[in-house]
Each structure stands twice: as C-alpha cells, then as structure tokens.
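A note on names: the letters A, B, ... follow the listed sequences, proteins ahead of strands, and every chain is numbered from 1.
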There are 2 protein chains.
Amino acid sequence: MAQSDTVTRILDTAEVLFAEKGFAETSLRAITTKANVNLAAVNYHFGSKKALIQAVFARFLGPMTQNLEAALDRSQSDVSNGQLTVEDILILVARVMVAESKGSPARLSMMMRLAGLAYTQGQGHLRKFLQNQYTQTFYRLMKITAEATPELKPIERFWRFHFMLGSLVFTMASLESLQAIAEHDFGVRNSELDVIDQLLPFLASGVRAGSLGSPSKGWSLD
Amino acid sequence: MAQSDTVTRILDTAEVLFAEKGFAETSLRAITTKANVNLAAVNYHFGSKKALIQAVFARFLGPMTQNLEAALDRSQSDVSNGQLTVEDILILVARVMVAESKGSPARLSMMMRLAGLAYTQGQGHLRKFLQNQYTQTFYRLMKITAEATPELKPIERFWRFHFMLGSLVFTMASLESLQAIAEHDFGVRNSELDVIDQLLPFLASGVRAGSLGSPSKGWSLD
DNA sequence: TGTACATCAGTGAACGCGCGTTCACTGATGTAC
DNA sequence: TGTACATCAGTGAACGCGCGTTCACTGATGTAC
C-alpha cells in the first residue's frame, strides 16, 4: 500500500467522522478502524491527533483560500474600478465554498464547525493555526467588504461582518439537524445550495440595514 | 454544609467551566476541584455528568422561559389585536435575556455558548432535552414571528429564524474575543448591550429581506 | 552482479493516564415509641 | 427522657475502560561500492 493511499484514507475518514461527532468525540481508534488502517499509522504519518486535525483542515482551506484569492482577482478585474458590491462578495464566497466542498455537504458543514470552534474555543491550537495560516485572505475579504459598504462606520461594519459570519457558521454547522427539522415540519428537503440561496439575501439585507443612529429609532433596550 | 450549598457550587462552577472549554473537555474532577467539593458529589446529587449538564441548562432556561412567556403575555395584551412586529419581538427577547443574566454579561455569553454547543454538537442528549423541555415557548415564539412576517413562506421563515439564532448565538458565544479585537482594532469598548443594540437592526432587516422569488434577482449560484 | 547497508511505510502490543462511575462507609439530624 | 432506627449529605478509595502515544519490530525498496 503506497503512502499516499494510507494518508489519504486517514484524512478522508477523519474528515467524515470529525464532521459527524466533533473532534474530542472522535477517537483515533474509530478513524483507523473505519479507514482499515493500523492505529499507529496516524501517529506515524501525522505525529499526533492535533496534527491530524490541522492536516484535515489544511487540505480543505489551502485550496479554498487559493481559489478565493483567484476569484477575487477575477471579479475585481471584471469591473472597471475593481469595486464589488456586497452581493458580489457574498455570491463569490458562497460559490468558492460550495465548489470546494465538491458535492459533499458534510465537508462544508465540518469546515464551518471548525470556524465556530476556532472562534469560540478560547485559546485552542486550532484558532492559532487558522490565524497564522489564513489571515491574509481574511483581511483582504474584510477590506473589500469595507469598500462595498462605505456608509457604515468601521465599528458597525466590524460587528455586522461577524453577525454574518455567525449566521453562516451556525447554519452550516447545524445544517443536518436543521434539514431534518425542515423536512419533518414542512415536508421540504433543502439542499445546502438551497439554504445558501436563502442565506445570501438575509445577509445582504442585514449588512445594509439602516444604522442605529438616533435612539429615536426605538431600538434602545432601556 | 447544607445541600443547597454543594449543589449550587457545583452548578455555578460547571456553568463557568462548560462555557470556557465545552462539555467533553470539562472533567468532573476539574469541576469538583474548583468548586471545593468531593468528586462523588456530582454523581450523588445529579446521577451522572449528562444529568449535570442538563441541570445547568434547566437552572437558566426554566426562569428565562417563564419570564419570556410573561413578557409575551404583557406585550400582546398591550396592543389591540395582540399582533407584535418583528422589532417588538426582538426587543422583547433581548430584554428578557439581558434581565435573566442579572448584570452578569459573562453569564449571558456563557448560556449562548452552551446553546450553540448544544445545537452543534452532534446528535447529543442535549438537543433532545432542550426540545422536550422548551418546545412550547419556542413554538409560541415561532408562531408570533410567523404572524409578524406574513409575507414570508413558512420554509423561508424557518431558515431566517435560524439565521437570526445563528447570529445571536455565535456573537454571544465569541463575545469576549470579538470585544477584544474591536478594542484593539478600533479603540472602542462595546458592552454586550451595545452589541445587542447593533445586532437587532441587522436581524430585523435580514428577516424582512425581499424573498428570493425569481432567479432574475441574481442570487443564483449557478 | 552481488553484498551490505539505509530508508521508510506499516504493524502489534503494550504503556500510562485521566475519565465517569461505584461502593462501602461516616456522621449528623430527624423520628417513633 | 432515652433508645433504636431511618434518612441523607458527604467522603475516600478504588474500579474498569477507552484514550493517545510509544516502541521494538518487519519487510520491501533503494543505494553505494
């Protein structure tokens, strides 16, 4: 059995199991058994479980950020002033993500779960890893979004960006559960593409919402 | 030491540690050590770790759903036809949540983080528990939201409801990190109330966004 | 071409550890008669 | 009032288990001379 085969089988299986059960809840024994690979092979090829988790995400995020950068390049050169709208940006990101998941919604769901964990889970190794590897693309996205929403104050934009991120991450992370509920309650089976189609106008409208401005708007909690 | 004292100390400590590290990553030994309580006390008082997790939720959600129901009663009797707007509903929920956190914003953030974990973390006992215990209030909220958004198709409303939930849960769960970033990047210290003030218009606008309707809207991913 | 050595993917078994849980026990308080 | 028993919060130590990791080893392939 060639190396690439064992390594790939471990990564493929780990990806699926991590997405199904989470990281802590997925043991190396579960992965190696399902992958038909020796238990010690994970530590042989990756060094540790942590390193395996990072390798799983690197395999996904590496190509994805590259595609994202390429798509941004293309879109910006398509318009005369290089200025994209919020809608342009959202569709662009969605397309790259969907393309990168290559028909496997489980993959998409797992990646979003990572984003959630990385943000949420205090000072874990995952967050550090993500920040080190992918800040460049992240900040480019932030910058372009800023140019697309000149009417927002920077601090407002900051929060709204993360509100959007929250909707996306939460929805994708719990996609399977929500799909099941939707099917039970409404008899409709929404694919991940359907859900993204619904999500995009929600996000675009939210990010464009009138600024709070005066307290007369009636939003005050007091 | 009276029973209530030991039980309360376990619940208080578990709440903090669960929110900080997640459920699987927090051991009973960590909880009982920090709470200055015997290891066996958790199993004595609660029966199991699962039951402890549920008790932590119940202590927060029990009173909160009661207050939510009461607030809904009050608001609905205030207006002639009992019909609230989306903005009314959002402010109402926000107020109850803020009130329930009783001046401890950390607690609010903690409960939202726990809720996020519960939703996201696989097929666990937690979601089943939450659904069994709090469906009534949940469905009342859904129903009122439905009446406030008659222009939406049920399935659209379902997804947008969870998009909102995602923004809320994610933002509150990562509140501390985001506050730190905001302070570093923009020199502004936003309280949790400030953040909620920013969140509400975002959500209201998102949930009212034009429905996808025709593909001519340009949202299609194909 | 043959021999000796190096490299490396892969293996089976064991290791130590932290986990949730269990159990026999203590000691204080309440209750029946 | 005194005695016997019941109840119950709390305890210390141990249990079995699954975990990630380690290690000595195999066997195939490549390389130097």
Side-chain angles (χ1 to χ4, degrees), chain A residues 1-59 110 114 117 121-126 128-129, chain B residues 1-59 114 117-118 121-126 128-129:
Chain A
M1 200 177 290
Q3 174 193 5
S4 61
D5 194 40
T6 298
V7 169
T8 303
R9 299 237 308 273
I10 292 173
L11 286 172
D12 287 345
T13 311
E15 190 174 278
V16 171
L17 292 183
F18 285 154
E20 275 174 13
K21 311 188 126 210
F23 306 112
E25 294 80 1
T26 301
S27 70
L28 294 185
R29 279 166 178 80
I31 294 169
T32 52
T33 300
K34 202 180 170 202
N36 253 309
V37 147
N38 188 277
L39 167 62
V42 168
N43 279 273
Y44 176 73
H45 286 291
F46 298 95
S48 68
K49 188 182 180 183
K50 277 186 184 184
L52 170 62
I53 295 173
Q54 295 183 356
V56 166
F57 287 113
R59 190 175 63 152
M110 182 195 53
L114 163 78
L117 285 176
Q121 227 169 36
Q123 65 281 49
H125 67 106
L126 273 177
K128 212 165 266 176
F129 170 75
Chain B
M1 198 177 293
Q3 174 194 7
S4 61
D5 193 41
T6 298
V7 169
T8 303
R9 299 238 305 274
I10 291 172
L11 287 173
D12 288 345
T13 310
E15 192 174 278
V16 172
L17 292 183
F18 285 153
E20 273 175 13
K21 311 186 123 209
F23 303 112
E25 294 80 2
T26 302
S27 70
L28 294 186
R29 279 167 179 81
I31 294 168
T32 52
T33 301
K34 201 181 173 201
N36 253 309
V37 146
N38 188 277
L39 167 63
V42 168
N43 280 274
Y44 176 74
H45 286 292
F46 297 96
S48 68
K49 188 182 180 182
K50 277 187 185 185
L52 169 63
I53 294 173
Q54 295 183 356
V56 168
F57 271 100
R59 188 174 64 152
L114 290 181
L117 284 175
Q121 225 161 268
Q123 69 284 41
H125 62 109
L126 267 179
K128 212 165 264 175
F129 169 77

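Following rounding to the nearest Å, A:Asn38 (CG) and D:dT21 (P) show an atom-to-atom distance of 15 Å. Atoms CG (A:Asn43) and P (C:dG12) sit 16 Å apart, rounded to a whole Å. Atoms OH (A:Tyr44) and C1' (D:dT21) sit 16 Å apart, rounded to a whole Å. Following rounding to the nearest Å, A:Phe46 (CZ) and C:dC8 (C1') show an atom-to-atom distance of 16 Å. Nucleotide D:dG10 holds its P atom 8 Å from the CD1 atom of B:Ile10, rounded to whole Å. Residue B:Leu39 contributes atom CG, which lies 11 Å from atom P of D:dG12 at whole-angstrom precision. As a whole-Å value, the separation of A:Glu25 CD from C:dG20 C1' is 15 Å. In this structure, B:Leu28 atom CG and C:dC19 atom P are separated by 9 Å, rounded to whole Å.
In this structure D:dA14 sits in a base pair with C:dT21, meeting the Watson-Crick or G-U test at under 3.5 Å. Shown here, C:dC5 forms a base pair with D:dG30; the pair counts as Watson-Crick or G-U wobble because both key distances fall under 3.5 Å.
The line from CG of A:Leu11 to CZ of A:Arg59 is 4.5 Å long, rounded to the nearest 0.5 Å. Atom CD1 of B:Ile31 is separated from atom CG of B:Asp12 by 12.0 Å, given to the nearest 0.5 angstrom. Here the CG atom belonging to B:Leu28 is positioned 6.5 Å from the CG atom belonging to B:Asn43, to the nearest 0.5 angstrom.
Closest contact between the side chain of A:Lys49 and the listed nucleotides D:dT21, C:dC19, D:dA9 involves D:dT21. Out of D:dT21, D:dC23, D:dG20, the shortest distance to the side chain of A:Ser27 is found at D:dG20. With distances taken from any side-chain atom of B:Thr6 to the nucleotides D:dT21, D:dG10, D:dT11, the minimum falls on D:dG10.
Using cut-offs of 30° and 60° on the angle between ring planes, the pair A:Phe23 and A:Phe57 is perpendicular.
Listed for the A:Thr13 side chain is no donor-acceptor partner under 3.5 Å among the backbone atoms of A:Lys34.
Under 4.0 angstrom from either OP1 or OP2 of D:dA9 there lies no side-chain N or O belonging to B:His45.
Nucleic acid contact class of A:Thr32 (heavy atoms, under 4.0 Å, all strands): none.
Scanning atom types as modelled, one donor and one acceptor separated by under 3.5 angstrom connect the side chain of B:Arg29 and the base of C:dG20.
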